[in-house]
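Worksheet for the structure shown next.
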Amino acid sequence: MMIAGASLVATLALAAAPAFCFPWDIDMYRGPAVQPYEVAPRVTPVDTLPVNGEPPISLEMATVKLHNPLQPTPENLEAGKQLFLTNCAPCHGAGGEGNGPVTKILIKPSKNVIAGASKNLPDGYIYGAITDGILTMPSYADSLPPHQRWQVVLYVRSIQQAASAAPAH
Ligand code: HEC
């Protein structure tokens, strides 16, 4: 009886206790640190983006709105080549003919990107395709920053030109 009574009193005491029961409960809260929103967040200057962010854009909008900001310098073409060989060649083949080793196991095979209709695709479309992916092609939005995607576009353009310049078999 006495034990039951004591535990009832203890339960009531706990239930009635304020949020901060002990002085040391709020030591951390009252510390010298800057409290959340005590200082207003910095105002972002107009026309700027977070370093690791880009506004989402549909493939249709990318196709008409985006233009390659880079020039086909030897450095950009070489960087684009290395990126293409690493990221795209497994499906599209080292030469871009759509014959990479992985393409056999895809439900939807990759395409020849150096001949046919691909040559008429605007730069913005290729950029948008790399950014968002198409069908079984993955998105590279997280693995290639925008300037690397544009370097790949430059390289794809250069191998398309080389293919058109080569004599037909
Ligand atoms: C996992 C395989 C795979 C990888 C990796 C891949 N692609 Fe693709 N790609 C595809 C498939 C599948 C399609 C869609 C083919 C279709 O529409 O029939 C495609 C379509 C494209 C197209 C549009 C072709 C057209 O004529 O419509 C382009 C351009 C392209 N890829 C470029 C790239 C580039 C550049 C990379 C590297 C950054 C890349 N792809 C990586 C599988 C891949």
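Every number for a ligand or one of its atoms is a count from 1 in the order of the listing. This one's a predicted model, so the numbers in the text were calculated from it and none came from an experiment.
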query = Taking Asp132 for the side chain and Ser139 for the main chain, is one N or O donor matched with an acceptor at less than 3.5 Å?
reply =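 No; judged by distance alone, with no hydrogens or angles, the pair does not exist.
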Looking at [X], which atoms of ligand 1 are within less than 4.0 Å of one of its heavy atoms?
| X | value |
| --- | --- |
| Ile130 | 35 (C), 38 (C) |
| Leu135 | 16 (C), 17 (O) |
| Thr136 | 1 (C), 12 (C) |
| Ser110 | 10 (C), 11 (C), 12 (C), 42 (C) |
| Pro109 | 12 (C), 15 (C) |
| Val152 | 35 (C) |
| Leu106 | 2 (C) |

ask   = Which part of Leu83 is near ligand 1, with near meaning a heavy atom under 4.0 Å away: side chain, backbone, both or neither?
value = neither
query = Can you tell which part of Cys88 has a heavy atom less than 4.0 Å from ligand 1: side chain, backbone, both or neither?
reply = both
request  = Consider only side-chain heavy atoms of I, L, V, M, F, W and Y, link residues closer than 4.5 Å, and tell whether Met61 and Leu66 are in one cluster.
outcome  = yes
task = Run the numbers on Asp123 and Arg157 for side chain to side chain contact (heavy atoms under 4.5 Å, CB included), then give the verdict.
result = CA-CA 8 Å; Asp123 284 353; Arg157 286 283 174 244; 2.6 Å; yes
inquiry  = Which label fits Phe84 and His92: parallel for a plane angle under 30°, tilted from 30 to 60°, or perpendicular past 60°?
reply    =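 Tilted.
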key: Sub-4.0 Å heavy-atom contact, Pro90 with ligand 1   = no
query = With a 4.0 Å cut-off on heavy atoms, does Val102 reach ligand 1?
reply = no
ask   = Could you walk me through whether Ser164 and Lys119 pass the side chain to side chain contact (heavy atoms under 4.5 Å, CB included) check?
value = CA-CA 9 Å; Ser164 338; Lys119 285 200 295 188; 3.6 Å; yes
Looking only at protein heavy atoms, identify the closest one to [atom] and say how far it is in Å.
| atom | value |
| --- | --- |
| atom 24 (C) of ligand 1 | Ser118 OG, 3.7 Å |
| atom 20 (C) of ligand 1 | Ile134 CD1, 3.6 Å |
| atom 1 (C) of ligand 1 | Cys91 SG, 2.7 Å |
| atom 42 (C) of ligand 1 | Met137 CB, 3.4 Å |

inquiry  = Can you check which of Asn120, Val153, Val113 brings a heavy atom nearest to atom 28 (C) of ligand 1?
reply    =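 Selected option, by shortest heavy-atom distance: Val113.
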ask   = If hydrogens are left out, which of Lys111, Lys108, His92 has an atom nearest to atom 9 (N) of ligand 1, that is, the closest non-hydrogen atom?
value = His92
request  = Please report the C-alpha distance between Leu154 and Val152 in whole Å, then the side-chain angles of each, then the deciding distance to 0.1 Å, and finally whether the side chain to side chain contact (heavy atoms under 4.5 Å, CB included) criterion is met.
outcome  = CA-CA 5 Å; Leu154 285 176; Val152 173; over 6 Å; no
Heavy-atom side-chain contact between [X] and [Y] under 4.5 Å:
| X | Y | result |
| --- | --- | --- |
| Glu78 | Gln151 | no |
| Tyr125 | Leu59 | yes |
| Trp150 | Ile126 | no |
| Gln160 | Ser118 | yes |

query = Cys91 and Leu106: side chain to side chain contact (heavy atoms under 4.5 Å, CB included), yes or no, with the steps?
reply = CA-CA 9 Å; Cys91 290; Leu106 296 177; 3.9 Å; yes
